[in-house]
Amino acid sequence: MPKIIGENIDTLCNFQMLPGSGDLTRGETQKFYKAARQAQKDPLTYLAATALAERVKPGDNVLIVTGARNELVLPYGETDGPIGGVALARACYFGLGANSIVTVEESNKEPTEATIRASGLYLREPDMLGKVQGICVLDFYPLGPEAGKQHARWLMDTYNPKAIMFIEKHGPNAKGHFHTVTGREIDMNGMANTQYLLEIAKEQDVVTIGMGDGGNEIGNGVIYDAVREISPWGKKCLCPCNDGIATVSATDIFVATSISNWGAYGICAMLAFLKKDVNIMHDEDTERRMVEACAYFGSVDGIAMIPLPKVDGISIKGGQAFVTLLRELVVNGLSNVARHV
Ligand SMILES: [Zn+2]
């Protein structure tokens with residue numbers, strides 16, 4: 001039964017709401033999904049939620065890595081990423097009793113803080129961990145590779161997370177360069193280099209989960225060869241490295257999805273099913289509050305590239321409808337009535 005629910009949730013998370021356009025990979029994400037299933041066999045949200053349920057115990061910490069930064073167009077990041085990350089933080093509290101540390105570039109401070117507050121979690125200082133319930137700590141990941149390497153070690157030593165989730169977070173290609181989904185280079189000195197967390201997680205046997213929709217985000221290393229073939233910028237790019245956007249950063253589990261937030265919501269829904277309580281995932285009102293809060297403080301919609309209260313071109317109503325359908329899948333999965341009619 002859980003695998004069937006996971007299959008249905010995966011299908012929903014990979015539903016296409018926008019046509020592909022120009023050099024963007026919208027419309028291609030189902031090919032990424034197919035490759036991810038081939039590599040990992042079982043439904044992706046099932047794999048991710050099962051790993052969380054097995055590894056994370058009450059009072060444990062989980063680390064959520066998100067946020068985009070580009071001084072010109074994304075000074076405050078995007079709505080795709082932080083909202084899904086906070087939805088996961090919320091589900092890890094209600095479903096597993098875990099506290100969360102969300103790490104973003106400091107430029108994403110205001111929208112991420114607002115999203116945490118809108119989710120109903122308690123935004124507190126780190127010294128409150130273990131003293132108060134439902135805590136979400138906001139951490140600022142420094143820019144550049146050297147500081148990134150050091151901060152990865154510091155985060156692991158300080159918080160001892162039992163799971164690390166990367167959502168819509170850029171990963172480097174084989175030559176160490178970072179790119180936008182349309183093949184432009186992102187200066188590694190102007191962004192958080194969070195990929196170093198992967199090496200330490202491996203050493204310490206901490207499970208890592210990635211969510212992505214473009215081929216360039218951490219986690220996509222699981223389908224590296226497929227991204228190079230499928231994405232128009234997979235193996236070539238507009239920067240001097242000319243090695244493409246496909247990242248080598250692989251996570252233990254990679255959830256390919258049409259919108260990164262939706263992959264996160266899918267994991268929340270699967271966790272709600274496993275733990276037999278639909279309210280472990282957020283509801284439609286919380287969805288509206290989070291999207292409004294995030295955009296109000298400057299995070300942009302990834303299609304319009306201005307702070308509209310949308311996520312990758314999907315309106316608040318569209319996002320709420322998605323949440324409604326996910327919740328219905330969970331409720332029907334848990335209901336004896338639904339199975340007998
Ligand atoms: Zn390049």
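The structure presented is a predicted model; accordingly, all values stated were derived computationally and were not measured.
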> Are Met128 and Asn99 side-chain neighbours, meaning at least one heavy-atom pair lies under 4.5 Å?
Replying inline: no
> Does Cys237 offer a backbone N or O that forms a donor-acceptor pair with the side chain of Asn242 under 3.5 Å?
Replying inline: yes
> Hey, are the side chains of Phe178 and Asn193 touching, using non-hydrogen atoms and a 4.5 Å cut-off?
Replying inline: yes
> For Ser299, what residues pass the side-chain contact (heavy atoms from CB on, under 4.5 Å) criterion, not counting sequence neighbours?
Replying inline: Thr79, Pro111, Cys294
> Hey, does the side chain of Asp10 reach the backbone of Leu44 with a donor-acceptor pair shorter than 3.5 angstrom?
Replying inline: yes
> Can you check whether Gly171's main-chain N or O pairs, donor with acceptor, with Glu217's side chain at less than 3.5 Å?
Replying inline: no
> Going by atom types alone, do Thr66 and Glu168 pair a side-chain donor with an acceptor below 3.5 Å?
Replying inline: no
> Just by modelled atom types, is the Ser249 backbone N or O under 3.5 Å from a matching donor or acceptor in the Thr247 side chain?
Replying inline: yes
>> Side chains of Glu185 and His179 only: does a donor on one sit below 3.5 Å from an acceptor on the other?
In response: no
>> Any heavy-atom pair between the side chains of His170 and Thr194 that's under 4.5 Å?
In response: no
>> Any non-hydrogen side-chain atom of Asn220 less than 4.5 Å from a side-chain atom of Phe254?
In response: yes
>> For Glu105, is there an ion pair with Lys169 - N to carboxylate O distance below 4.0 angstrom?
In response: yes
> Under 3.5 Å, is there a donor-acceptor pair between the side chain of Asn173 and the main chain of Ile245?
Replying inline: no
> Shortest non-hydrogen contact from Thr45 to Cys13?
Replying inline: CG2-SG, 4.5 Å
>> One pair to check against salt bridge (charged side-chain N to carboxylate O under 4.0 Å, His left out): Lys162 and Asp205. What are the steps and the verdict?
In response: CA-CA 9 Å; Lys162 298 298 182 228; Asp205 193 31; over 6 Å; no
>> With a 4.0 Å cut-off on N to O distance, would you call Lys3 and Glu7 a salt bridge?
In response: no
> Got a donor-acceptor contact below 3.5 angstrom from the Thr257 side chain to the Gly263 backbone?
Replying inline: yes
> Where the side chain of Ser335 meets the backbone of Val331, is there a donor-acceptor pair that is under 3.5 Å apart?
Replying inline: no
> Can you list the steps and then say if Glu203 with Arg153 is a salt bridge (charged side-chain N to carboxylate O under 4.0 Å, His left out)?
Replying inline: CA-CA 11 Å; Glu203 285 166 26; Arg153 183 64 68 184; 3.5 Å; yes
>> Side chains of Asp283 and Thr286 only: does a donor on one sit below 3.5 Å from an acceptor on the other?
In response: yes
> Do any N or O atoms from the side chain of Asp213 and from the backbone of Ser260 form a donor-acceptor pair under 3.5 angstrom?
Replying inline: yes
> How far does CD1 of Ile267 sit from CH2 of Trp262, to the nearest 0.5 angstrom?
Replying inline: 15.5 Å
> Do Arg327 and Thr324 have a side chain donor and acceptor closer than 3.5 Å?
Replying inline: no
> Hey, which of His282, Gln320, Lys317 is the one that makes side-chain hydrogen bond (donor to acceptor under 3.5 Å, both in side chains) with Glu287?
Replying inline: His282
>> Assigning hydrophobic clusters by single linkage (Ile, Leu, Val, Met, Phe, Trp, Tyr; side-chain heavy-atom cutoff under 4.5 Å), is Met188 placed with Trp233?
In response: no
> Are a donor atom and an acceptor atom from the side chains of Asp139 and His151 found within less than 3.5 Å of each other?
Replying inline: yes
